[in-house]
Amino acid sequence: MRPRTLAVLSLILTLAVGAILYGAYGYRPAVADYRPPANARFLDTPLARFHYVKEGSGSPVVLLSPGASWTYGWRRQVPELARDHTVYVVDLPGQGFTRLKDRDFTWDLRGMTTAIGVFLNAAGIERPALGGLSWSGGWALAYAQRHPERVSSLLLLSPSGAATRDTWVYELMKYPVIGELWNNWYYADRSSSRAALDRIHVNRSRILEQDVDAFWAPGTFPDNLESQVLLERGLDWRETLAAMPSTTTPTLVIWGRQDTVNPVRQAQEYARRMPAVQVRELDGCGHALTTDCPEEVVRLMARLPGFRARLSLISGTLGTRSRPSPADLKAMTTFEQH
């Protein structure tokens, strides 16, 4: 190879590597101008300034914001639960409008369960019913396994925790450079967020443009964006899987049969391993259960100790789906007992 050709190829390779490294570690996506909701509350602790909402009165229910989302993800369940409960929905570090203070925080199950405990202590909440969706379902499970005396019951929606491989979209983030590139150029993009919402919903007509903004915008906040990579690399669900046989907290697991993130077959791991669990699969529902099938989720919540809810089908407070048939209602309240 001629020296000039070799020099040109070396220059091209150097520029390509530089561009890749800049895209992964130098480039910072634009941060969306998005404000907290009108009912936002904040709680300062040494670990973080927690963002949360609080509604209703009665026995406590604490809902952890869905994995890569924020308190907005439970908006359809809060009004119904608040009729009988004091309902808290909280963003943990890396979510929504919570801001991490402790720079020694670890992005793993120890870190996330510590954050749950810090919030519960600071808010003065004792033995709540604890719920989560996707990653946060796994965090709720891990917290109950570590502190069973602190939780009255568990609601786990399409939860992580069964120690299976993630879909390729998430697996990419486990690799240095590739994960940062993917995070910066995919997760921070609004059109990609719209596509992601389509993938996790069966009932896509329910997704409004304001929902796309709510899903995408807080994810552009620098700490939240970085946390996606750090959590994907740090969470080890083998811990929760191994502890399932000794998890005696009354638990309701709900899974959408059309889940494209955590396949529904994972529900059987919970059914097989956990001694105090009820497992329910919902047909026609994807991963984003709280927004894809909100009526069914609220109705099933009412079956778990610690939750009582009334569903306002006629008033339409949970959406515009038609009233379920008698057969649907029977199916929604029939559980596989374990």
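Since we're looking at a predicted model, the values are computed, not measured.
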Looking just at side-chain N and O atoms, do Thr98 and His51 make a donor-acceptor pair shorter than 3.5 Å?
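Distance-only check fails for Thr98 and His51.
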Contacts of Thr260 that satisfy side-chain contact (heavy atoms from CB on, under 4.5 Å) - sequence neighbours left out:
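Listed in chain order: Arg199, Ile200.
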Does Glu209 come within less than 4.0 Å of Arg190, counting only side-chain N to carboxylate O?
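Here Glu209 pairs with Arg190 in a salt bridge, since their nearest N and O are under 4.0 Å apart.
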Is any side-chain heavy atom of Leu47 closer than 4.5 Å to one of Pro93?
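SC-SC contact between Pro93 and Leu47 confirmed.
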Under 4.5 Å between any side-chain heavy atoms of Ser69 and Gln95, yes or no?
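Not in contact.
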Acceptor/donor pairs from residues 122-134 side chains to any protein atom, 3.5 angstrom cut, sequence neighbours excluded:
unit_1 : atom_1 : unit_2 : atom_2 : d
Arg127 : NH1    : Glu149 : O      : 3.1
Arg127 : NH1    : Val151 : O      : 3.4
Ser134 : OG     : His287 : NE2    : 2.9

List, by chain and then residue number, the residues other than Phe42 in its hydrophobic cluster (Ile/Leu/Val/Met/Phe/Trp/Tyr, side-chain heavy atoms under 4.5 Å); write none if there are no others.
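Under the 4.5 Å side-chain rule, Phe42 groups with Val31, Tyr34, Trp70, Tyr72, Phe97, Phe221.
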As a test of understanding, state which of His201, Arg75, Arg206 forms a side chain to side chain donor-acceptor pair (under 3.5 Å) with Asp211.
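Considering His201, Arg75, Arg206, a side chain to side chain donor-acceptor pair (under 3.5 Å) with Asp211 is found only for Arg75.
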Going by side chain to side chain donor-acceptor pair (under 3.5 Å), Glu269 matches just one of Gln266, Arg273, Arg265. Which one?
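Result: among Gln266, Arg273, Arg265, Arg273 is the only option passing the side chain to side chain donor-acceptor pair (under 3.5 Å) with Glu269.
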For residues Ser158 and Gly256, report the shortest heavy-atom separation together with the two atoms involved.
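Smallest heavy-atom distance, with atoms named: OG-N, 3.9 Å.
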Taking atom CE of Met274 and atom CD of Gln145, what is their separation to the nearest 0.5 Å?
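Between Met274 CE and Gln145 CD, I get 7.0 Å after rounding to 0.5 Å.
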Steps toward side-chain contact (heavy atoms from CB on, under 4.5 Å) verdict (Trp216, Asp189)
CA-CA 8 Å; Trp216 158 74; Asp189 178 67; 5.7 Å; no
